[in-house]
Structures are given as structure tokens and as C-alpha cells.
Student: 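The structure is given below, and queries will be raised subsequently.
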Amino acid sequence: MAASPSASALRQAGNEEFRRGQYGPAAELYTRALELLEAAGEAAAEERSVLLANRAACRLKDGACRLCVADCSSALDLVPFGIKPLLRRAAAYEALERYQLAYVDYKTVLQVDCAIQAAHDGVNRMTKALLEKDGVNWRQKLPPIPTVPISAQARWSVPSAGAPGANAPPATAPQGGPDQTAAGMERARTLKEEGNELVKKGNHKEAVEKYSESLKLNQECATYTNRALCYLTLKQYKEAVQDCTEALRLDPKNVKALYRRAQALKELKDYKSSIADSKSLLKIEPKNTAALRLLQELNRA
């Protein structure tokens, strides 16, 4: 009878699946490895933290941002101030448009290692987003940024002896594994921002192309809702409905996705579904004037 695979073997198999772009199977392998290590408790804390961070990378790739946040938080409970779980959680928060929490995580990374360019870029993006959202006093609304102890800074300044390259800074990451996601995520964000600029100029068709390229690298809720807006403008209502549905799969309470799908459904004369989306939105934001106005129009239709 064949021996059961070890946690280490399962982790390596998960890494191979990840390299092939098979994020679901990779996550399952990391989960099996975690189950094997559960009984070991504190003795396997570092290895469990690495596995959780790797599974979080799969969640992020699949657009399951809330699951990514949960895995990263669990990894950080086991081994505080790990760069990879902090970066991945920040990226997930950013995708969920929870910019304050993303800002805190990016700033925490820079306390651990000020040379992490992805964290600098993240701080710049979040600063811009929070300034637009909350105005000049945006810093007053931030949650506290934790102080990273010197011991933690020293810990992450060199790769971990117990798990080479696994929870160390991205520069030491193994080629092709979950740690390569940072580059893809950064490229996806750049493409999304290029799309946003094209929208501001009224170039919706070109913006769709940028958003489509971005979504190939990272299925982010905001990118779907942005592309849906373009499709609405271009009167491609079925495509707008599809994008909003994908966004709501990632974030079931996303107000923009509900509103834009309701708009598209109205144009497709599916008034019943459009009313349902409008009412769902108003349960989340009862005073949303655009949704109230749309619902009035639908009731007259």
C-alpha cells in the first residue's frame, strides 16, 4: 500500500499546479497539507503560515478576495509581519475597494523592508484613491498602522532557513510559483489604470481592450464594473450584464455592479430583473439617489 504524501510533498505538488495556472487544484493541495500539519500545532506554525500564504495567492488569482484576506490573516496570526501575506492581503483589500486597510498593509510592509517596490506603488495608489474618496483629511480616518518590532525586520531581511524562499521577500521567491503573482498583479493594475484614463478621455472601446487585458491577469471586481460601464456606453448591454454578474460573484454586495446591471437589464427590457437588482442595491444603500431614481423609472415602465 502506497504511503500517504507528506505535507512537504503536497506543498511542492501545489506549487507545480500553480505554475501551470491550475489555481483551484493548487489550493486543494495546500489545504491537504495544512490538514496534515494541524495536529502539529505551534511546532509547524511557520510551515502552516507559508501554506496559507500560498493558498491566498491561489484565492487572489481566482478573484476570491475575501478568502484571500482570511488566509493571509491566518498566516499572519501564526507568523506576524510576513511580507507575502501582507502584500497579498493588501492586494485583496485593494480589489475589494477597502483602500484604508490596503494602505495600512502596504505601509506595514515598508516598515519590514523599505525596498519593496510593490508596497511603495501600493501606497501611492491608495493615497490617490483615499484623497479622491475622503478628501484632504483622509489620514484622520485611517485605522492604526502597527509598529513593526526590530526583531521582525531582522527576521525578514534574510530568507527563512526552515522554508527557503517561501515566506521571504519577493526578490528571493522561487521562479514560477505563487510568489510571481506580484508582477502579474502589478501589470493588471497598470492596465486597469490605463483603461481608466481612456474612459476619462471618452475612448470607451480602447478602454475595454485595456480592461480585458487586465482581467486575463487578475479577475478584479472593480475591473469588471469598469468594463461594464464602457459596455453600457457602447450599448453592448448583454456584455455589461455578464461583467456585472462576474463582479457580483466576487463581491455579492458591490453597489456599482448591482446598479450597472440594473441599467443594462432595463435597456434589454428585462424590467423584473432590473427592479430586483435595484431593490437589492437599496437594501445596502437605502439613500442611493441614482438607484431610487432608476426604480421610479422602472415602476413607470
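Since the structure is predicted, the reported quantities are computational estimates derived from the model, not experimental observations.
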Student: Check S49 against L78 and note the closest heavy-atom contact, atom names and distance.
Tutor: N-CD1, 3.8 Å

Student: In terms of hydrophobic clusters joined by side-chain contacts under 4.5 Å, are Y237 and L234 together?
Tutor: no

Student: Give a yes or no on whether a salt bridge exists between R19 and E16, defined as a side-chain N under 4.0 angstrom from a carboxylate O.
Tutor: yes

Student: Could you grab the distance from atom CG of L292 to atom OG1 of T289, nearest 0.5 Å is fine?
Tutor: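 Rounded to the nearest 0.5 Å, the CG-OG1 separation comes to 7.0 Å.
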
Student: Does R48 reach the main-chain N or O of L37 with its side chain, forming a donor-acceptor pair under 3.5 Å?
Tutor: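 A pair under 3.5 Å: no.
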
Student: Would you name the heavy atoms of S212 and R227 that are closest together and state the gap between them?
Tutor: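 That would be OG-NH1, 2.8 Å.
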
Student: Answer yes or no: is there an ion pair linking K216 with E213, defined by an N-O contact shorter than 4.0 Å?
Tutor: no

Student: Are the side chains of L281 and D277 in contact, using a 4.5 Å heavy-atom criterion?
Tutor: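 Contact flag for D277/L281 side chains = no.
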
Student: Hey, mind stepping through L51 and L10 against side chain to side chain contact (heavy atoms under 4.5 Å, CB included) and telling me if it holds?
Tutor: CA-CA 10 Å; L51 285 162; L10 287 166; over 6 Å; no

Student: Does the gap between the ring centers of Y23 and F18 come in under 6.0 Å?
Tutor: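 Ring-ring flag for Y23/F18: true, centres closer than 6.0 Å.
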
Student: With a 4.5 Å cut-off on side-chain heavy-atom distances among I, L, V, M, F, W and Y, is there a chain of contacts connecting L96 to L217?
Tutor: no

Student: I need the minimum non-hydrogen distance between M126 and Y99, along with the two atoms involved.
Tutor: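 In terms of heavy atoms, the two residues are closest at SD-CD2, 3.5 Å.
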
Student: Pair Y103, R139 - check side-chain hydrogen bond (donor to acceptor under 3.5 Å, both in side chains), show working.
Tutor: CA-CA 10 Å; Y103 180 88; R139 290 182 189 275; 3.1 Å; yes

Student: Return the minimal non-hydrogen interatomic distance between A257 and L248, and the atom names on each side.
Tutor: CB-CG, 3.7 Å

Student: Do you know which two heavy atoms are closest between A56 and C68, and how far apart they sit?
Tutor: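 Of all heavy-atom pairs spanning A56 and C68, the closest is O-SG, 3.5 Å.
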
Student: Do NZ/NE/NH1/NH2 and the carboxylate oxygens of E246 and R249 come within less than 4.0 Å?
Tutor: yes

Student: Can you list the steps and then say if E267 with K235 is a salt bridge (Lys or Arg N to Asp or Glu O under 4.0 Å)?
Tutor: CA-CA 9 Å; E267 296 299 331; K235 299 185 178 181; over 6 Å; no

Student: When you measure from the side chain of Q100 to the backbone N and O of K141, does any donor-acceptor pair fall under 3.5 Å?
Tutor: yes

Student: So does A64 get a backbone contact from the side chain of D62, meaning a donor-acceptor N/O pair under 3.5 Å?
Tutor: no

Student: Check whether any side-chain heavy atom of E220 sits under 4.5 Å from a side-chain heavy atom of L250, and report yes or no.
Tutor: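 They are not in contact (no side-chain heavy atoms under 4.5 Å apart), so the answer is no.
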
Student: For the pair S278 (side chain) and S274 (backbone), establish whether a donor and an acceptor sit closer than 3.5 Å, ignoring hydrogens and angles.
Tutor: yes

Student: Judged by atom type as modelled, is there a donor-acceptor pair below 3.5 Å linking the side chain of Q111 to the main-chain atoms of V148?
Tutor: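 Flag set: sc Q111 to bb V148 pair under 3.5 Å.
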
Student: Before you tell me yes or no, could you show the steps for N196 and Y211 under side-chain hydrogen bond (donor to acceptor under 3.5 Å, both in side chains), namely the whole-Å CA-CA distance, both residues' side-chain angles and the distance that decides it to 0.1 Å?
Tutor: CA-CA 9 Å; N196 293 347; Y211 292 140; 2.6 Å; yes

Student: What verdict does the side chain to side chain contact (heavy atoms under 4.5 Å, CB included) test give for E285 and L258, after you've listed the backbone C-alpha separation in whole Å, the side-chain angles of each residue and the deciding distance to 0.1 Å?
Tutor: CA-CA 11 Å; E285 289 188 6; L258 284 166; over 6 Å; no

Student: Using the side chain to side chain contact (heavy atoms under 4.5 Å, CB included) rule, take K128 and L131 through it: C-alpha gap first, then chi angles, then the decisive distance, then the call.
Tutor: CA-CA 5 Å; K128 182 180 177 183; L131 187 60; 5.8 Å; no

Student: Can you tell me how far apart OG1 (T225) and CZ (R260) are? Round to the nearest 0.5 Å.
Tutor: 5.5 Å

Student: Start with the C-alpha gap between E17 and R20, add the side-chain angles, then the distance that decides, and say whether salt bridge (Lys or Arg N to Asp or Glu O under 4.0 Å) holds.
Tutor: CA-CA 5 Å; E17 289 295 319; R20 287 196 287 267; 2.5 Å; yes

Student: Would you sort out whether V199 and N203 count as a side chain to side chain contact (heavy atoms under 4.5 Å, CB included), showing the intermediate values?
Tutor: CA-CA 5 Å; V199 167; N203 297 333; over 6 Å; no

Student: What's the spacing between Q242 CD and K238 NZ if we round to 0.5 Å?
Tutor: 9.0 Å

Student: How many angstroms lie between atom CG of D105 and atom CG of L110, to the nearest 0.5 angstrom?
Tutor: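 Rounded to the nearest 0.5 Å, the CG-CG separation comes out at 11.0 Å.
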
Student: Is there a continuous path of hydrophobic side-chain contacts, each under 4.5 Å between heavy atoms, that joins L295 to L265?
Tutor: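 Per the 4.5 Å side-chain linkage, L295 and L265 are not co-clustered.
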
Student: Would you say the side-chain atoms of T233 pair up with the backbone N or O of L229, donor to acceptor, closer than 3.5 Å?
Tutor: yes

Student: How long is the straight-line distance from CZ of R88 back to CZ of R59, given to the nearest 0.5 Å?
Tutor: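 R59 CZ to R88 CZ: 13.0 Å, rounded to 0.5 Å.
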
Student: Thinking salt bridges, do R89 and D71 make one under a 4.0 Å N-O criterion?
Tutor: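 No, this pair does not count.
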
Student: Going only through I, L, V, M, F, W and Y residues with side-chain contacts under 4.5 Å, is there a path from L67 to Y224?
Tutor: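 Looking at the clustering, Y224 is in a separate group from L67.
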
Student: Do L130 and Y106 sit in the same hydrophobic cluster, where Ile, Leu, Val, Met, Phe, Trp and Tyr count as joined when their side-chain heavy atoms come under 4.5 Å apart?
Tutor: yes

Student: Decide yes or no for K279 and K283: does some side-chain heavy atom of the first lie under 4.5 Å from some side-chain heavy atom of the second?
Tutor: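 With C-beta onward as the side chain, the pair stays apart.
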
Student: Is there a salt bridge (Lys or Arg N to Asp or Glu O under 4.0 Å) between E94 and R189? Walk through the geometry before answering.
Tutor: CA-CA 10 Å; E94 185 173 351; R189 278 193 287 263; 3.6 Å; yes

Student: For D243 and A228, work out which heavy atoms get closest and say how close.
Tutor: OD2-N, 3.8 Å

Student: Strictly distance-based, threshold 3.5 Å: is any side-chain N or O of N137 a donor or acceptor partner for the main-chain N or O of Q140?
Tutor: no

Student: I'd like to know if the side chain of S273 reaches the main chain of D270, judged simply by a donor and an acceptor atom lying under 3.5 Å from each other, with no hydrogens or angles considered.
Tutor: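 Not a single qualifying donor-acceptor pair exists.
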
Student: Between S214 (side chain only) and K210 (backbone N and O only), is there a donor and an acceptor less than 3.5 Å apart?
Tutor: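 Checking the backbone N and O of K210 against the side chain of S214, no donor-acceptor pair under 3.5 Å is found.
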
Student: Counting N and O atoms only, with roles assigned by atom type, does the side chain of H204 sit under 3.5 Å from a partner on the main chain of L232, one being a donor and the other an acceptor?
Tutor: no

Student: Measure the CZ-OG distance between R55 and S74 for me, rounded to the nearest 0.5 Å.
Tutor: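 Reported to 0.5 Å precision, the distance equals 8.0 Å.
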
Student: Show the numbers, then the answer: is there a side-chain hydrogen bond (donor to acceptor under 3.5 Å, both in side chains) between Y30 and N15?
Tutor: CA-CA 9 Å; Y30 295 139; N15 291 349; 2.5 Å; yes

Student: Does atom CZ of R32 have more than 12 heavy-atom neighbours, drawn from other residues, nucleotides or ligands, at distances under 6.0 Å?
Tutor: no

